[in-house]
Protein chains: 2
Amino acid sequence: MLRLVPDNPARLASCRGPETAVNPFDAAHLPHDSTAPGQAGTQVCDRCGSRIAGLCKPLDAAALDDISSESQQVTLPAHSMVFREGDPAGKVFTLIEGFAKLTRLLPDGKQQVVGFRFAGDVIGYTTLPRYPFDAELLTDAKICRLERPQLDGLLRRYPKLERRMLDLCVQELTATQEQLVTVGRRSAEARVAAFLVSLVEAARRRGPAPRVLEMPMTRADIADFLGLTLETVSRSLTAFRKRGWIREPVHHKVELLNLSAVSALAEGTND
Amino acid sequence: MLRLVPDNPARLASCRGPETAVNPFDAAHLPHDSTAPGQAGTQVCDRCGSRIAGLCKPLDAAALDDISSESQQVTLPAHSMVFREGDPAGKVFTLIEGFAKLTRLLPDGKQQVVGFRFAGDVIGYTTLPRYPFDAELLTDAKICRLERPQLDGLLRRYPKLERRMLDLCVQELTATQEQLVTVGRRSAEARVAAFLVSLVEAARRRGPAPRVLEMPMTRADIADFLGLTLETVSRSLTAFRKRGWIREPVHHKVELLNLSAVSALAEGTND
DNA sequence: CGTGGGATTGACACGACTCAACCCCGGTGG
DNA sequence: CCACCGGGGTTGAGTCGTGTCAATCCCACG
């Protein structure tokens, strides 16, 4: 669940300077070890400064030049919609920094969170004519944007890219099936525990996991992801807190004090 | 495992035909890529006699010759395992006739059905080194089998095939997300109703839907798919029966007498 | 200082699970 | 030929986990 680009940064790709910065006060601060960008031998993209791989992991330098001349980097404030369910699927995005949630709307107005996305993840790639879900930012975010016709051109020129898309899609599918298991068969506390574990895994994928994790989603978001109510999520988290398993030093952060207890709970169907 | 009634070797595989989704529970159809060369109008594959598209929809005659010389057709009895979770993902299968279920095993021994597959569906394609789930036949089935190295060769020779795989993967992903919504947010009866609706849609995709549908899965299978218990599934179905919405003329068949009532229930979160 | 959104906590109801009996039917063997 | 068996399905009674509704708290923000 919470799929992610495998790991391994690699030259980033794309990203020409900011362009449609909806929000001027861009993200100058970031928790990452932002070692000087552009250094030889580093994993940092010399164009946009990100450590993240996104789409372009398998590409060589020429391809990167190519793709970066076609894409744009933008910064958006928290809660902006990257795209909406039903919009023509005309662009593909890579999340450079920040967090997003993907949601589907139900006829009765409720929402189901289909997944969360983290720095390095690709968002909105589909072969369907329209996006099948909303993508909303949970935090201020830096995003790399590529128009679909450009992407199709790149796909034609760099077959490796097509393979990469397929890999990403397979990973995402596997993660969603995993999530199906969680939602379908586990108790409320086990689901919340599984969610916390997946947060840790996502953080690890982005680099050495800090002791205190970002958790920018609200209880309601988590509930909509896990098929629970926000009250139940809240009760589970306070239960964990009382057992000394977690700590929430500030709003939107968690520390896992007893990861093995949490994972054990996540594995079993109950207890 | 896999193997049993040996029989007509090779010469199958191909089969161009009506667009067929990988996942039966997927409503989305792809508009593009109808560029399949060759004689349009033929619904039946001249090689294996199947009406089903499987992988090969976008291929031309030469490619079909090529692929059909690399693949084999086998027939297997009900309840055989096509492959198991964790097996090296060395083959790809297309279901020519019959029904299958895909399941994941939980640590506590329970299973989650991640999907059912019908005639025309591709099974077991993944870029992962191992299959992420079991594939078990629900009925006797005819299957087209292709070794992974052969497939990779074909992918290299026919780039359109790679695109096709991606399309199939996207459809499957969309369908799984849909299922996530069903399992996460709907009442028991609504889930069962949604399942019945998806059965109808799957049948339609295979051709004009007969009044009486095949439903080879047991109550337990359905329950494991919907995140319910078999008793709850049974109760829901008898409730539908008593309301005159469905009929089960014989074991493993259903007739939907009031499809609109069933779909209405499937849409709402409750009632 | 007031406002509002998010989070927590409690009381209560109800839907789905659990456990268990029973039915139906096909297969098997005495 | 029939009794037995086992697997799938149905039905019922009782329990318990979550959902629901509502009050309260907390804190960031204007």
Side-chain angles (χ1 to χ4, degrees), chain A residues 25 77-79 101 106 108-113 136 138-140 182-193 195 215-243 246-254 265 268-271, chain B residues 77-79 101 106 108-112 138-139 182-193 195 215-243 246-254 265 268-271:
Chain A
F25 68 74
H79 307 113
K101 66 172 176 184
L106 297 173
D108 62 358
K110 294 185 189 171
Q111 70 169 8
Q112 171 80 26
V113 173
E136 178 183 341
L138 295 170
T139 62
D140 296 345
T182 298
V183 169
R185 298 262 79 131
R186 295 201 222 274
S187 71
E189 286 200 357
R191 292 184 219 183
V192 176
F195 166 74
M215 188 171 68
M217 46 296 274
T218 66
R219 307 302 194 218
D221 290 333
I222 300 170
D224 287 338
F225 182 57
L226 298 174
L228 298 170
T229 60
L230 66 92
E231 292 94 331
T232 301
V233 172
S234 179
R235 279 187 249 268
S236 300
L237 287 174
T238 55
F240 295 170
R241 206 180 306 125
K242 285 183 178 157
R243 287 171 214 162
I246 64 170
R247 229 166 48 89
E248 295 184 276
V250 299
H251 196 51
H252 286 169
K253 300 208 185 250
V254 238
L265 177 49
T269 294
N270 45 50
D271 301 57
Chain B
H79 306 114
K101 67 172 175 182
L106 296 175
D108 62 358
K110 294 185 190 171
Q111 69 169 9
Q112 171 79 28
L138 295 171
T139 62
T182 297
V183 170
R185 298 263 78 133
R186 295 202 222 274
S187 70
E189 285 200 358
R191 292 185 219 183
V192 176
F195 166 74
M215 187 171 68
M217 44 295 274
T218 66
R219 307 304 195 214
D221 291 333
I222 300 171
D224 287 338
F225 181 56
L226 298 174
L228 298 170
T229 60
L230 65 92
E231 292 95 330
T232 301
V233 171
S234 179
R235 278 187 249 269
S236 300
L237 287 174
T238 55
F240 295 170
R241 208 179 307 125
K242 284 183 179 158
R243 288 172 214 159
I246 64 170
R247 228 165 51 87
E248 295 184 277
V250 299
H251 197 49
H252 285 168
K253 301 211 184 246
V254 240
L265 176 49
T269 294
N270 44 51
D271 300 64

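Every chain is numbered from 1 and lettered A, B, ... according to where its sequence line falls, protein lines coming before strand lines.
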Colleague: Measure the distance from CG on D221(A) to C1' on dG5(C) and round it to the nearest whole Å.
Modeller: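 Roughly 13 Å, once rounded to whole Å.
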Colleague: So what does R241(B) hit on the nucleic acid, given a heavy-atom distance under 4.0 Å: a base, only sugar-phosphate, or nothing?
Modeller: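 Sugar-phosphate contact only.
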Colleague: Just the rounded figure in Å: distance from C1' of dG6(C) to CZ of R219(A).
Modeller: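 Whole-Å distance recorded here is 9 Å.
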Colleague: Output one line per pair: protein atom, nucleotide atom from nucleotides 27-30 of chain D, and distance, for all N/O pairs under 3.5 Å.
Modeller:
none

Colleague: Which is it for L265(A) and F240(A) under the side-chain contact (heavy atoms from CB on, under 4.5 Å) test, yes or no, and what are the steps along the way?
Modeller: CA-CA 11 Å; L265(A) 177 49; F240(A) 295 170; 3.5 Å; yes
Colleague: OP1 or OP2 of dT18(D) versus the side-chain N and O atoms of T232(A): is any pair under 4.0 Å?
Modeller: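 Looking at the OP1 and OP2 atoms of dT18(D), neither is under 4.0 Å from any side-chain N or O of T232(A).
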Colleague: Regarding dG10(C), can its base be found pairing with the side chain of R235(A) as donor and acceptor, where the two atoms are less than 3.5 Å apart?
Modeller: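 Yes.
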Colleague: Would you please confirm or rule out a distance under 4.0 Å between OP1 or OP2 of dG6(C) and any side-chain N or O of T218(A)?
Modeller: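 Answer no for this pair, as no side-chain N or O of T218(A) is under 4.0 Å from OP1 or OP2.
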Colleague: How long is the straight-line distance from CG of L228(B) back to CZ of R186(B), given to the nearest 0.5 Å?
Modeller: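 Rounded to the nearest 0.5 Å, the CZ-CG separation comes out at 12.5 Å.
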Colleague: For dT18(D), does OP1 or OP2 lie under 4.0 Å from any side-chain N or O of T229(A)?
Modeller: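 For dT18(D), neither OP1 nor OP2 has a side-chain N or O of T229(A) closer than 4.0 Å.
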Colleague: Taking only the side-chain nitrogens and oxygens of T238(B), find out if one of them lies under 4.0 Å from OP1 or OP2 of dT11(D).
Modeller: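 Yes, because at least one side-chain N or O of T238(B) sits under 4.0 Å from OP1 or OP2 of dT11(D).
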Colleague: If the threshold is 4.0 Å, N to carboxylate O, is there a salt bridge linking R185(A) and D224(B)?
Modeller: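 Yes, R185(A) and D224(B) are salt-bridged.
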Colleague: Tell me the interatomic distance from L228(A), atom CG, to dA7(C), atom P, rounded to whole angstroms.
Modeller: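 About 15 Å, once rounded to whole Å.
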Colleague: Would you give the length of the straight line joining atom CG of D221(B) to atom CD of Q111(B), rounded to the nearest 0.5 angstrom?
Modeller: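 With rounding to 0.5 Å, CG (D221(B)) is 6.5 Å from CD (Q111(B)).
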Colleague: Rounded to the nearest 0.5 Å, what separates atom CZ in R219(B) from atom CG in L226(B)?
Modeller: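 So the CZ of R219(B) and the CG of L226(B) are separated by 12.0 Å.
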Colleague: Using atom CZ of R191(A) as one end and atom C1' of dG17(D) as the other, report the distance to the nearest whole Å.
Modeller: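 Computing the R191(A):CZ to dG17(D):C1' distance gives 11 Å.
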Colleague: Rounded to the Å, how far apart are E231(B) CD and dG15(C) P?
Modeller: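 After rounding, the gap between these two atoms is 18 Å.
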Colleague: Checking contacts here: which listed nucleotide (dA16(C), dA7(C), dT11(D)) is nearest the side-chain heavy atoms of A188(B)?
Modeller: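 Of all the options, the side chain of A188(B) is nearest to dA16(C).
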Colleague: Whole angstroms only, please: what is the CZ-C1' distance between F240(A) and dT8(C)?
Modeller: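 The answer, rounded to whole Å, is 16 Å.
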Colleague: Calculate the interatomic distance between K110(B) atom NZ and dT18(C) atom P; express it in whole Å.
Modeller: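 So the NZ-P distance, K110(B) to dT18(C), works out to 6 Å.
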Colleague: Expressed in angstrom and rounded to an integer, what is the separation of I222(B) atom CD1 from dG9(D) atom C1'?
Modeller: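 So the CD1-C1' distance, I222(B) to dG9(D), works out to 11 Å.
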Colleague: Hey, is the main chain of L230(A) close enough, under 3.5 Å, to the side chain of S234(A) for a donor-acceptor pair?
Modeller: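 Answer holds: no.
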Colleague: Checking R191(A) side chain against G227(A) main chain: does a donor-acceptor pair fall under 3.5 Å?
Modeller: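 A pair under 3.5 Å: yes.
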